[in-house]
Amino acid sequence: MHALRLAAAVRVRLAQLMTTHRCPEPGCPTSIRIRFTSAEEAQRLRKLAEDHSRHQSLDSK
């Protein structure tokens with residue numbers, strides 16, 4: 001029982017460390033989940049997710 005609580009606590013903590021960036025375009029399914037990245041890489045990925053023109057051709061694949 002203790003192991004299950006510990007495993008659940010670890011999963012919750014890892015989820016807290018994760019950030020998800022989504023495209024603001026209505027109906028666009030693009031989202032990028034990041035964790036354990038540098039600030040520069042996090043910013044690059046955020047900009048990619050938020051700029052629909054940079055990933056719109058990927059959505060149809």
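With sequence neighbours excluded, the residues that form a side-chain hydrogen bond (donor to acceptor under 3.5 Å, both in side chains) with Glu41 are Arg44. Not counting sequence neighbours, the partners of Arg46 by the salt bridge (charged side-chain N to carboxylate O under 4.0 Å, His left out) test are Glu50. With sequence neighbours excluded, the residues that form a side chain to side chain contact (heavy atoms under 4.5 Å, CB included) with Leu48 are Ile32, Arg54. Among residues two or more places apart in sequence or in another chain, the salt bridge (charged side-chain N to carboxylate O under 4.0 Å, His left out) test is passed with Arg22 by none. Every residue two or more places apart in sequence or in another chain was checked for a salt bridge (charged side-chain N to carboxylate O under 4.0 Å, His left out) with Glu25, and none qualifies.
Atom NE2 of residue His55 and atom SG of residue Cys28 lie 3.5 Å apart, to the nearest 0.5 angstrom.
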Could you walk me through whether Ile34 and Met18 pass side chain to side chain contact (heavy atoms under 4.5 Å, CB included), step by step?
CA-CA 6 Å; Ile34 60 171; Met18 188 179 333; over 6 Å; no

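The side-chain heavy atoms of Arg35 and Thr19, taken from C-beta on, include no pair separated by under 4.5 Å.
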